[in-house]
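Remarks on the structure that follows.
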Amino acid sequence: MQRLRELSRLVEAVYDELDHTFGAYQRKTGLACRSGCGSCCNNPEIDATPLEMLPLALNLYDQGRAEQVLEELEQYSGFACFHYVRHSLDGIQGQCGVYQQRPALCRMFGAAGVSSKTGGTRLSVCRTIKQDHNEKYQQTLISMLSEPPPRMATGKERVRQLDFELGKQDLPINQALKYALERVLFIAYYSGDERSDRVA
Ligand code: SF4
Ligand code: SF4
């Protein structure tokens, strides 16, 4: 169990870096999310590795909620991330219910670099941000020739390299959490952990 906790701390340290790098880029370019928007969380196909979900799985375990959430995930048939909290009927307004533990993609999505067909970097900006900040978007397209955006693939890879087994496979986000919870509960059971090392 101790190893999983150490691994989780390493993942969180990478998340701090991602928040800093991608947040700074989005602030600098002015390509910020629309206030109250959570539209992109309305998609259960957002990908994450079980490794990316480890901090959340351990947090749920420490709260004594791991088994309950695992059962709820098994029953879940919604069309969103399980932890998305809707504030409007159409789901466009809302917020993340697990913001501190959200996976890598959720920390980078919005305005970031992705691979172009020619192997270079192109700017990926969500439709809502483009609508809200079209002029800044155009300016960023010009400035990125000298200052390329941070790439999402690099961010994903920074996490992945921490543990090949848990990081090798991208899954739909709810499945990735399920996998991580199963792993935490399995290790806890066989190591005799009774949530006694929650502050280790
Ligand atoms: S990335 Fe786009 S869709 Fe997602 S919350 Fe931000 S503005 Fe909304
Ligand atoms: S973890 Fe949070 S930010 Fe990521 S998709 Fe789910 S609700 Fe949205």
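All values below were derived from every heavy atom in this structure, side-chain atoms included, with hydrogens, water molecules and symmetry-related copies excluded. Whatever order the structure lists ligands and atoms in, that order sets their numbers, starting from 1.
When all heavy atoms of Ser39 and Tyr84 are compared, the closest pair comes out as N-OH, 4.1 Å.
In this structure, Lys117 and Arg122 have side chains that are not in contact, with every pair of non-hydrogen atoms separated by 4.5 Å or more.
Contacts of Cys106 with ligand 2, taken as heavy-atom pairs under 4.0 Å, involve the side chain alone.
The pair Glu52-Lys156 counts as a salt bridge, with a side-chain nitrogen and a carboxylate oxygen less than 4.0 angstrom apart. A salt bridge links Lys28 and Glu147; the closest N-O separation between the charged side-chain nitrogens and carboxylate oxygens is under 4.0 Å. A salt bridge links Arg160 with Glu157: the distance from a Lys NZ or Arg NE/NH1/NH2 to an Asp or Glu carboxylate oxygen falls below 4.0 Å. Residues Glu17 and Arg107 are not paired through a salt bridge, judged by the lack of any N-O separation under 4.0 Å between the basic side chain and the carboxylate. Look at Asp62 and Arg5 and you find a salt bridge, because one of the NZ, NE, NH1 or NH2 atoms lies within 4.0 Å of a carboxylate O, short of that distance.
Around the OH atom of Tyr76, the shell of radius 6.0 Å holds more than 12 heavy atoms that belong to other residues, nucleotides or ligands. Applying the 6.0 Å contact sphere to CG of Leu89 captures no more than 12 heavy atoms from other residues, nucleotides or ligands.
Heavy-atom proximity to Tyr84, at under 4.0 Å, picks out these atoms of ligand 2: 7 (S). The atoms of ligand 2 that sit less than 4.0 Å from any heavy atom of His83 are 7 (S).
For atom 8 (Fe) of ligand 2, the nearest non-hydrogen atom of the protein is Cys41 SG, 2.4 Å. In terms of protein heavy atoms, atom 5 (S) of ligand 2 is closest to Ile46 CD1, 3.4 Å. Nearest protein heavy-atom neighbour of atom 1 (S) of ligand 2: Pro103 CD, 3.7 Å.
Note on atom 6 (Fe) of ligand 1: protein N/O/S atoms under 2.8 Å are Cys33 SG.
Checking side-chain atoms of Asn174 against main-chain N and O of Phe82 turns up a donor-acceptor pair under 3.5 Å.
Within the set Cys81, Cys96, Ala48, Pro44, the minimum heavy-atom distance to atom 2 (Fe) of ligand 2 is found for Cys96.
Heavy-atom distances between Ala80 and ligand 2 stay at or above 4.0 Å for every pair.
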